[in-house]
Amino acid sequence: MGNIEHVDMGAIAELKEVMEDDFGILIETFLNDSVERIAQLQSTLDAQDSVEYGRAAHSFKGSCTNIGAIALSQLCLHAEQRGKTGDLSDAPETLKEIKVEFGVVKTILEELIAN
């Protein structure tokens with residue numbers, strides 16, 4: 001994939017400006033919600049429930065977009081489309097990529113609020 005943009009720093013800067021003191025809370029909330037959303041993706045995949053898998057991916061995509069997690073949002077879009085078509089053949093691989101990408105995003109965002 002080459003050099004993908006993990007986090008849109010422009011979007012982050014805007015959020016920081018708008019949220020001011022609540023920026024840290026916003027990030028913490030996103031990170032905590034993401035852990036739950038990934039667990040939801042995993043459980044719906046384990047159950048082979050493509051409809052719920054697609055819904056979970058759609059919800060996660062929305063919060064990723066809001067926070068500027070570009071690559072993660074793209075992966076969720078892919079997962080959402082697969083859920084809609086009922087084709088979960090590559091879902092385990094996609095979910096693995098989502099987990100790895102979330103790890104990267106989490107590190108970047110935690111560094112931002114630590115400063």
Side-chain angles (χ1 to χ4, degrees):
M1 282 181 104
N3 189 11
I4 50 171
E5 194 173 5
H6 297 288
V7 177
D8 177 350
M9 290 320 223
I12 288 287
E14 279 177 37
L15 279 173
K16 214 169 187 173
E17 204 174 296
V18 173
M19 299 298 292
E20 293 178 349
D21 295 344
D22 292 334
F23 178 71
I25 297 165
L26 176 78
I27 298 297
E28 294 280 347
T29 303
F30 168 75
L31 294 175
N32 292 332
D33 284 354
S34 297
V35 171
E36 287 176 27
R37 291 179 195 279
I38 289 169
Q40 197 179 9
L41 281 169
Q42 185 66 64
S43 64
T44 54
L45 173 58
D46 291 345
Q48 289 294 297
D49 186 339
S50 59
V51 174
E52 286 304 316
Y53 177 82
R55 282 195 187 130
H58 176 78
S59 301
F60 195 16
K61 181 188 74 180
S63 60
C64 291
T65 302
N66 293 342
I67 212 89
I70 303 163
L72 196 50
S73 176
Q74 289 298 312
L75 287 166
C76 290
L77 174 62
H78 177 80
E80 178 188 1
Q81 289 167 339
R82 285 294 197 263
K84 281 183 179 166
T85 60
D87 175 15
L88 296 182
S89 58
D90 70 350
E93 185 57 37
T94 302
L95 186 51
K96 199 164 93 181
E97 288 178 35
I98 286 172
K99 288 175 179 175
V100 170
E101 181 60 25
F102 174 65
V104 174
V105 168
K106 184 173 188 274
T107 303
I108 293 169
L109 295 177
E110 283 176 341
E111 280 173 13
L112 280 176
I113 55 175
N115 297 329

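One is the number of the first residue; the rest follow in order along the sequence.
- Expressed to the nearest 0.5 Å, how far CD of E80 lies from OG of S59 amounts to 8.5 Å.
- To the nearest 0.5 Å, the span separating CD on E101 from CD1 on I70 amounts to 10.0 Å.
- With sequence neighbours excluded, the residues forming a salt bridge (charged side-chain N to carboxylate O under 4.0 Å, His left out) with E110 are K106, listed by chain and number.
- In this structure, NE2 in H58 is found 10.5 Å from CG in L77, a value given to the nearest 0.5 Å.
- Follow the hydrophobic side-chain contacts under 4.5 Å out from V51 and you never reach Y53; the two are in separate clusters.
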| query | Are I67 and I27 close enough, and set up right, to give a side-chain contact (heavy atoms from CB on, under 4.5 Å), and what steps lead you there? | reply | CA-CA 8 Å; I67 212 89; I27 298 297; 3.8 Å; yes

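- For S89, the side chain to side chain donor-acceptor pair (under 3.5 Å) partners at least two apart in sequence or on another chain are D87.
- The shortest side-chain heavy-atom distance between H78 and I98 does not fall under the 4.5 Å cut-off.
- Taken to the nearest 0.5 Å, the NE2 atom of H6 stands 14.0 Å off from the CZ atom of F102.
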| request: Determine, step by step, whether M9 and I108 satisfy the side-chain contact (heavy atoms from CB on, under 4.5 Å) criterion, reporting the C-alpha distance in whole Å, the side-chain angles of both residues, the deciding distance to 0.1 Å, and the verdict. | output: CA-CA 10 Å; M9 290 320 223; I108 293 169; 4.1 Å; yes

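- Counting only heavy atoms from C-beta outward, the side chains of F30 and N66 never approach each other to under 4.5 Å.
- Note that the CG atom of L95 and the CG atom of L75 stand 10.0 Å from one another [nearest 0.5 Å].
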Kindly list each side-chain donor-acceptor pair under 3.5 angstrom involving residues 10-23, sequence neighbours excluded, with atom names and distances?
none

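- In this structure S73 satisfies the side chain to side chain donor-acceptor pair (under 3.5 Å) test together with T65, sequence neighbours excluded.
- Side-chain heavy atoms closer than 4.5 Å link hydrophobic residues (I, L, V, M, F, W, Y) into clusters, and following such links, even through other members, never connects I25 to V35.
- In this structure, G83 and L88 approach most closely via the heavy-atom pair CA-CD2, 4.4 Å.
- Pairs passing the salt bridge (charged side-chain N to carboxylate O under 4.0 Å, His left out) check and including a residue from residues 35-47, sequence neighbours excluded, do not occur.
- Atom CD of Q74 sits about 9.0 Å away from atom NZ of K61, to the nearest 0.5 Å.
- D90 is linked by a salt bridge (charged side-chain N to carboxylate O under 4.0 Å, His left out) to R82, counting only residues two or more places apart in sequence or in another chain.
- Of all non-hydrogen atoms in G24 and I113, the two that sit nearest each other are CA-CG2, 3.8 Å.
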